[in-house]
Student: 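Structure incoming, see below.
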Amino acid sequence: MKIIECPLNGPRNAQEFVCGGEARQEPSQDAAIDDWADFVFLENNLKGVVHEWWCHVASNYWFIVTRSTATEEIIATCRPDEFFADRNATDGAGRE
Amino acid sequence: MPLALLKYGFRRKYRGERYIPAPMPLRKAYDIVIIGGGGHGLACAYYLARNWGITDVAVLEKGWLASGNTARNTAIIRSNYLTPEGALFYEESMRLWRSLAGELDINLMYSERGHLTLAHTDAAIRSSRWRAEVNKHLGIDSELVGRAELAKLCPQINLSEDVRYPVLGALYHPPGAIARHDAVAWGYARGAMRRGVEIHQQTEVTGIHSHPGGSIELETNRGSITAGRVVQAVAGMSSEVARMVGVKLPIRSVPLQACVSEPLKAFLDPIVVSGSLHVYVSQSARGELVMGGATDPYPLYSTRSTLDFTEGLMANMLELFPFLENAKVLRQWAGIADMTPDFSPVMGKTPVSNYYIDAGWGTWGFKATPVCGSCMAELAATGSVPDLIRSFELERFGRMQQLGERGAASVGH
Ligand SMILES: Cc1cc2nc3c(=O)[nH]c(=O)nc-3n(C[C@H](O)[C@H](O)[C@H](O)COP(=O)(O)OP(=O)(O)OC[C@H]3O[C@@H](n4cnc5c(N)ncnc54)[C@H](O)[C@@H]3O)c2cc1C
């Protein structure tokens, strides 16, 4: 993965980006402390296809990357609103 | 010894020492099963047998002994950590290291070189002084040195000011050492096998079920077995294996790369580390420079090497040692580091009874091999958590508590 297709800036060198970790939906404000601890600290850390937040540093633009942590292949990138709309449609709350 | 060596030299046939376990059938049940035949798992097996007389133990290793991070690290051993919990734990490891070669009867090439952590900014000087004071208070040999003293301790370092990050001083830790990492694994393996522990290579755990009665069933590529208690010590694969038993960890698996130069005439005695430049370098007994840097920028389960890493590392190496500009890199590799958010390990109980975890060793776990093996053995043998590792329990994250270890390797400061 040398080139990442940024939804805002098009194909850019991977070194221009930082990985922001798993894309998950925040617990509700009144969720139990266990849910918050899980959200803040615990990771699925899957070996396989994952959805992550990435940021194009120069333009400070955050978006979603779908990639394989087993093969280092980038499968797709999309805007966050597309991603979460999709998830909410398929699995209700979009939570894991 | 010299006479024995001479006789050995004149012998026709050299008897090979057997460190690698011969294949043998897997039994149906064991008292304790250790998943992962790296240094940590093997040390735990050894101390179970030696300290607790428990030998109904099997170590299951999916590849070969020490095929994970144990034989991929840059082998730096030190105890000048920042948190009292960490510093005391690693100091106990140093105590065990010093007598380990004799105890295991194997040449670990444990070599106390002195360890220098360079500071390039006022902030780094401040945190070095902080570490030195915490260390001294705990009886650990550690001090802050200025440029003049640094020039005496390691005249090879470029102390000129016409570089991007001039060196202002260093945290000096005289007992800092390196060791032959694969020999550590072999020594523990042989010690454990001699006491009756079984070590199974090419045996991968593929599924785990905990039974209401307390026993744990492990599926492997060689059939399923039952264990009274299980210790998981699989480093980079921690999250994947823990998932099999329904435990979620605060870990990201990120590649950490390293490389060695061609052998050079011995010139570098101390181990030199720069947290700001992300350079870790020592010279092995063979003359190779063993070099490491920062972890890769994103999680990944592939141990591929990248040119980005070598290029970035060498740019910084040449700031510190400009005369190496014509030296060649000989080999490069990667291991998968199990990184925690607070740079402290996760050791102890899990929500699953009789299932113990030894993980989150990231870029810093080789030095902990002896003390971690001994503490995990105590936990598996007695069921109660030794004081030395109490603050490293997985539970801390549930309480929103971290044990921020900024003295760990690969942590920028
Ligand atoms: C490049 C690099 C440099 C480092 N430098 C240092 C350093 O200078 N100082 C320091 O203190 N630490 C350092 N570390 C960290 C250190 O190497 C590790 O923390 C330590 O070796 C972990 O030991 P371990 O026995 O837990 O893991 P490993 O040695 O990785 O052993 C885990 C074993 O589990 C096996 N396994 C995995 N999944 C399964 C399964 N399902 N079934 C059966 N077996 C399985 C693997 O094959 C592996 O052999 C470095 C790491 C790297 C990668």
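Chain identifiers are assigned alphabetically (A, B, ...) following the order of the sequence lines, protein sequences preceding nucleic acid strands; residue numbering begins at 1 within each chain.
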Student: Rounded to the nearest 0.5 Å, what separation is found between the CD atom of Glu22(A) and the CZ atom of Arg252(B)?
Tutor: 7.5 Å
Student: Is Arg243(B) in contact with chain A via its backbone, its side chain, both, or neither, using a 4.5 Å heavy-atom distance?
Tutor: side chain
Student: Could I get the full list of salt bridge (charged side-chain N to carboxylate O under 4.0 Å, His left out) partners for Glu82(A), not counting sequence neighbours?
Tutor: Arg79(A)
Student: Distance from Tyr298(B) atom OH to Glu52(A) atom CD, nearest 0.5 Å?
Tutor: 10.5 Å
Student: Any side-chain heavy-atom pair from Arg67(A) and Leu300(B) closer than 4.5 angstrom?
Tutor: yes
Student: For the CG atom of Leu46(A) and the OH atom of Tyr301(B), what is their distance to the nearest 0.5 Å?
Tutor: 7.0 Å
Student: With chain A, which of Asp342(B), Asp308(B), Thr340(B) has the greatest number of heavy-atom pairs at distances under 4.5 Å?
Tutor: Asp308(B)
Student: List the atom of Lys248(B), the atom of Asp38(A), and the distance in Å for their closest heavy-atom pair.
Tutor: NZ-OD1, 2.9 Å
Student: Step through the shown structure and confirm whether more than 12 heavy atoms of other residues, nucleotides or ligands are within 6.0 Å of CZ on Arg164(B).
Tutor: no
Student: Step through the shown structure and confirm whether more than 12 heavy atoms of other residues, nucleotides or ligands are within 6.0 Å of CD on Glu5(A).
Tutor: yes
Student: How long is the span from the CD atom in Glu240(B) to the CG atom in Asn44(A), to the nearest 0.5 Å?
Tutor: 10.0 Å
Student: Out of curiosity, Lys47(A) NZ to Ile336(B) CD1, how far, rounded to the nearest 0.5 Å?
Tutor: 8.5 Å
Student: Which atoms of Leu249(B) come close to chain A, meaning under 4.5 Å heavy atom to heavy atom: side chain ones, backbone ones, both, or neither?
Tutor: backbone
Student: Taking Ser238(B), Ala242(B), Pro299(B), Ser302(B) one by one, which has the highest count of heavy-atom pairs under 4.5 Å against chain A?
Tutor: Pro299(B)
Student: Taking all non-hydrogen atoms of both residues into account, name the closest pair between Pro297(B) and Cys19(A) and its distance.
Tutor: O-CB, 4.1 Å
Student: Report, as yes or no, whether the 6.0 Å neighbourhood of atom OH on Tyr165(B) holds more than 12 heavy atoms from other residues, nucleotides or ligands.
Tutor: no
Student: Using 0.5 Å steps for rounding, measure from the CZ atom of Phe41(A) to the CD atom of Gln402(B).
Tutor: 4.0 Å
